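In what follows, every chain begins at residue 1, and chains take the letters A, B, ... in the order their sequences are listed. The structure presented is a predicted model; accordingly, all values stated were derived computationally and were not measured.
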Amino acid sequence: MTLEKYWEPQTYEADIYRRWEDSGAFVADASSDKPAFTISMPPPNATGTLHTGHAVMLAIEDLLIRWRRMKGDEALWVPGTDHAAIATESVVIRKLQGEGIADPRGELGRDELVRRIAEFVDSSQGTIRHQIRAIGSSCDWSRERYTLDPQLHRCVDAVFARMFRDGLIYRGPRIVNWDPHLQTTVSDDEIYHEERPGRFYTLRYGPFLVGTSRPETKLGDTAIAVHPDDERYREHLGKTYEIPWPKGPTIKVKVVGDEHVDPEFGTGALGVTPAHSHADFDIAQRHDLPLIQIIGEDGRMTEAAGDYYAGMTVQECRDAFAAELDAAGLLESVRDYSQPISLCYRSKQPVEPLPKEQWFISVDKPAVPWRGQRLSLKQVMRTVVDSGEIRILPEHQERTYFHWIDNLRDWCISRQIWWGHRIPVWYRGEEDLYVGHRPPEGDGWTQDTDTLDTWFSSALWTWSTLVDPELAADPQVSLPELLKRSPDFQKFHPTAVMETGYDILFFWVARMILMTTYATGEVPFRTVYLHGLILDAHGRKMSKSNPETAVDPLEVIEEHGADVLRLSMLLGNAPGQDLKLTDKRMVGCQRLLTKLWNASKLIDVSIGRILGEGVDRAALPVPQAPEHPVNGWMLERIRELVERVDGRFDAYAFGDAAEQIRTSFRGELCDFYLEAIKVAPLSEMEETAHVLAYAQRTYLKLFHPYLPFVTEHLWGALVAVEGGSMLIGETWPEVHVGHRFDAASEGVSAVVRLVAAVRGIRAEQNLEPGAKVALAVRALDHAEVQQRCETIVARLVRAESLEWLDAALGDEPGAAVAVDPAFEAAVRLGEADRAAERGRLEKQLEATEKRLVGLEKQLANENFVTKANPKAVESVRRNAEDAKATVASIRERLAALG
RNA sequence: AGACCCGUAGCUCAGUUGGUUAGAGCGCUACGUUGACAUCGUAGAGGUCAGCGGUUCGAGUCCGCUCGGGUCUACCA
């Protein structure tokens, strides 16, 4: 196979991917004896398209999987997609509205709407699958899963039922985050906070002054809370007051003492609105206070707020009530205030805390058997990370994780939407309730209308994807039995690494730990690797709202190929480190790829020149004891590189590993070795061909996890021409312990330094670069090696002659000298060169002096000095000084030349 | 309000448990390039490691404070 002049990703990538897939390299074998290495792909939205976040995730996971596969593990990467409940349902509803169905829920009904959404998912799921392939993901498509697959549904219901029986799932009235816009509850993690300009009102509230940013909620107060030790209010504690609000209800409030009240804030007295504040609800629970709902699910005031205010929006009511308080002389003061408000991350609309009957998972109930103890879900989550059973990278995220657990409240899992896993609970009348996977026998049962939070099913992802689909379809098989009899689960769980963005540590990673430890008694994964965000050139998170700097991974693949995209996201990648993805960065990676291409070509030609055409490169032996020191040096460099790369991989330092490979490839292989072998005797030695072939194979393997396509192509074209084996199935380079040639290597390292030193002299002395120099070297150490490299040195420094000296250098006028522990080197400036050098220096002297005169003239101009920007003046002054110094040093050099 | 991260060359970032002269890529300057290079190579300039204080024989690295940038969490009404 001949190699094209350039790598054309568009021509080859799709074909290479197909050959990988056809070869069966992606498919893992559950019956294998090899150690398992599993990654569950965080499932992208089934209806979505690939963005940079996915791209970096796929690049890292594919890197890990390819590396472990080559290392000899039974590597399984399970791909899949997520039904993304709220997102998908709202997309389809908007779409239907665009098609003229004003109220899709009302007009189509539940069954039909769900059918339409499923249809939409079916039709768009292919897009993301195709895009996952385009980036080169070597995942096991035979095991692809979807969060609504029947066997996953089975697992969801089974876990729900068991948690219900264990009392970990309960139904009850709680303050939920209600999104009046989407008409559903959202979890604590689906809201974000924003500071918005608001007002802080201080009200006359019976005998108290009470501060609030939401006066309208005071219509539903049932208590006043103060700190129990607050002397100012001691006499009121325990008393009940009636407060008649203007044009509103008369409320009864009890004065309670509560530790959570900050006496320093506002007036130290807090009006308690249990129905519309999480904090106040908690206070109400502690003091057994009643609850009055004055804000409805439509975001408007209810009858309980009084006839006058009922029907107003919250904002209208706030203004109206404040006006009435003012008129009644009850408004003590109003000031501007930056108010933190909660917004739904889907709809971007404010959420309203409301009391509602919901399903919850208790995180504090000690009902989970774990390693011989009974722990709460919270405790298990803490224990597994504390004990090191699960390791989080970067490490500092562990602290964030613990902090989150400490503040975790019961998880509201019911959603008032239709797309998703429906709550597996049936009701009959007031009394009867049934929980299970299938509808109960008998008539009159109706199923709960809510669905489960998407994260509930996602939380089971690492193991529900590994249960056997056929077994799961058999209702006689219990969940423990199902796990026990599923070969994939037995072989591949717990998974090795969970790789995802740190932004979903809580949404998802923590919930997987919570659910999986409970349901399977195992941790879901050993290591959590959290990658950073991909930022644009300005350091902003990439999003569709900044299209001018956002990078579309598909466009990059189209233009540069998947390899360049992957490498630019992996070079410099460290756990949790955000990464700026710019064009410059990608151009740099493109160049490295081109270099790899060209070096591979040169290696191939060079082997051919030594051994003749038609030699099987894959069959060439790895040299054990090379005769020439430069060959030994190269083998030792490779040995050290493989060792370093393994170390970096083990530490999840992928960016660092790439840097090591790149530096060695360019600096050691390309810039020195490939130049050195152009001259005899190296260029004619058979062992050189063997070293070249070994280097070729090794660098291609090392680069493979980063640049899978181009390395696979080069492998097929240049290495495995005969056998046809693919690089993806090759074994990872070994550290050849025998490749230590200390004396030879140190000698060659001295030669490398010698070359650099002489080049330095040439540059320093401003020698005519085309000119050949006369070089004299006295070797102080490794003399034999240095002398054997004579032709290489001569070529690399452009020496016309190289004289080896035995004694110290004489006092040679006009010679420039470099000193090193291993050598002394002198560049003799021949008579002709000295003349040319003098002419050149005189020319330079003239130009510099002319420039200096101009600068000094400018500085002598008083107008310039006093009126111009001081920075400009300073810069001219500095330039003048520089020029003066340059003139002086040129004169010195001319004197030295004699 | 709390927590966490970051501050190192013009730009993007490395810098492993404290240890000689703080590195890379890009950019810049100069020069070269007939025998792999839509180029590539060689050399060079450029840093008070944000600031202050402390621990130490020794601090970019450990500790404290300050300043600046960012992120997350939160029940300050």
Sequence neighbours left out, what passes side chain to side chain contact (heavy atoms under 4.5 Å, CB included) with [X]? Give chain and number order.
X        : value
A:Pro173 : A:Glu357
A:Pro575 : A:Leu393, A:Pro394, A:Tyr529
A:Ala658 : A:Leu571, A:Tyr706
A:Gln577 : A:Ala574

Qualifying residues under side-chain hydrogen bond (donor to acceptor under 3.5 Å, both in side chains), relative to A:Glu675, sequence neighbours excluded: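 With sequence neighbours excluded, A:Glu675 shows a side-chain hydrogen bond (donor to acceptor under 3.5 Å, both in side chains) to A:Lys678, given in chain and number order.
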
Under the rule for side-chain hydrogen bond (donor to acceptor under 3.5 Å, both in side chains), what residues qualify as partners of A:Asp578, not counting sequence neighbours?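 A:Tyr502.
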
Protein-nucleotide distance ([X], atom [atom1]; [N], atom [atom2]), rounded to Å:
X        : N     : atom1 : atom2 : answer
A:Arg759 : B:C31 : CZ    : P     : 18 Å
A:Gln590 : B:C26 : CD    : P     : 14 Å
A:Arg753 : B:U42 : CZ    : P     : 17 Å
A:Ile677 : B:A36 : CD1   : P     : 10 Å
A:Asn598 : B:G41 : CG    : C1'   : 14 Å
A:Leu669 : B:G41 : CG    : C1'   : 15 Å
A:Leu592 : B:G41 : CG    : P     : 11 Å
A:Asp406 : B:C4  : CG    : P     : 13 Å

Can you pull every protein N or O that's under 3.5 Å from an N or O on nucleotides 22-24 of chain B?
unit_1	atom_1	unit_2	atom_2	d
B:A24	O2'	A:Glu659	OE2	3.3

What interatomic distance, in whole Å, is found between [atom1] of [M] and the corresponding atom of [N]?
N     : M     : atom1 : value
B:C4  : B:A74 : C1'   : 14 Å
B:A24 : B:G35 : P     : 28 Å
B:G44 : B:A59 : P     : 29 Å
B:G23 : B:G46 : C1'   : 14 Å
B:A30 : B:G68 : C1'   : 38 Å
B:C28 : B:G69 : C1'   : 27 Å
B:G27 : B:C40 : P     : 10 Å
B:G41 : B:C72 : P     : 41 Å

Measure centre to centre between the rings of A:His276 and A:Phe281, then say whether the value is under 6.0 Å.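 No, ring centres 6.0 Å or more apart.
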
Enumerate the salt bridge (charged side-chain N to carboxylate O under 4.0 Å, His left out) contacts for residues 589-601 of chain A, please, sequence neighbours excluded, ordered by first and then second residue.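 Qualifying pairs, neighbours excluded: none.
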
If the sugar-phosphate is the primed atoms plus P, OP1 and OP2 and the base is the rest, what is the B/S/- string for nucleotides 71-77 of chain B, using protein heavy atoms under 4.0 Å? -SSBBBB

Across nucleotides 11-19 of chain B, 5' to 3', mark each nucleotide with B, S or - according to how protein heavy atoms within less than 4.0 Å reach it. -S-S-----

So, [X] and [Y], do they make that salt bridge, N to O below 4.0 Å?
X        : Y        : value
A:Arg214 : A:Glu352 : yes
A:Asp671 : A:Arg666 : no
A:Asp604 : A:Arg617 : yes

The side chain of A:Arg666 lies closest to which of these nucleotides: B:A38, B:A36, B:G41?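 The answer is B:G41.
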
OP1 or OP2 of B:A36 under 4.0 Å from side-chain N/O of A:Lys678: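 So the side-chain polar atoms of A:Lys678 do come within 4.0 Å of the phosphate oxygens OP1 or OP2 of B:A36, strictly under.
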
Is the distance from OP1 or OP2 of B:G25 to the nearest side-chain N or O of A:Lys595 less than 4.0 Å?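 No.
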
For atom CZ of A:Arg648, is the number of surrounding heavy atoms from other residues, nucleotides or ligands below 6.0 Å larger than 12?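 More than 12 heavy atoms, drawn from other residues, nucleotides or ligands, come within 6.0 Å of this atom.
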
Does A:Arg382 make a cation-pi contact with A:Phe402, if we ask for NZ or CZ under 6.0 Å from the ring centre and within 45° of the axis?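 Positive - A:Arg382 is close enough to the ring of A:Phe402 and near enough to its axis.
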
Do A:Arg637 and A:Tyr673 meet the cation-pi criteria used here (NZ or CZ under 6.0 Å from the six-membered ring centre, within 45° of the axis)?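 Negative - A:Arg637 is either too far from the ring of A:Tyr673 or too far off its axis.
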
Would you mind classifying the nucleic acid contact of A:Tyr6 as base, sugar-phosphate or nothing, using non-hydrogen atoms under 4.0 angstrom?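 Counting heavy atoms under 4.0 Å across all strands, the contact made by A:Tyr6 includes a base.
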
Can you list every ring-ring contact (aromatic ring centres under 6.0 Å, His included) pair that touches residues 577-606 of chain A, not counting sequence neighbours?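 Passing the test, one end in residues 577-606 of chain A: A:Trp7-A:Trp597, A:Trp597-A:His713.
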
Tell me which of A:Gln397 and A:Arg795 sits closer to the 5' end of RNA chain B, going by the nucleotide each one is nearest to.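 Result: A:Gln397.
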
Secondary-structure stems, RNA chain B, at least 3 Watson-Crick or G-U base pairs under 3.5 Å: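 B:1-7 with B:67-73, B:10-13 with B:23-26, B:28-32 with B:40-44, B:50-54 with B:62-66 - these are the stems of 3 or more pairs that involve RNA chain B.
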
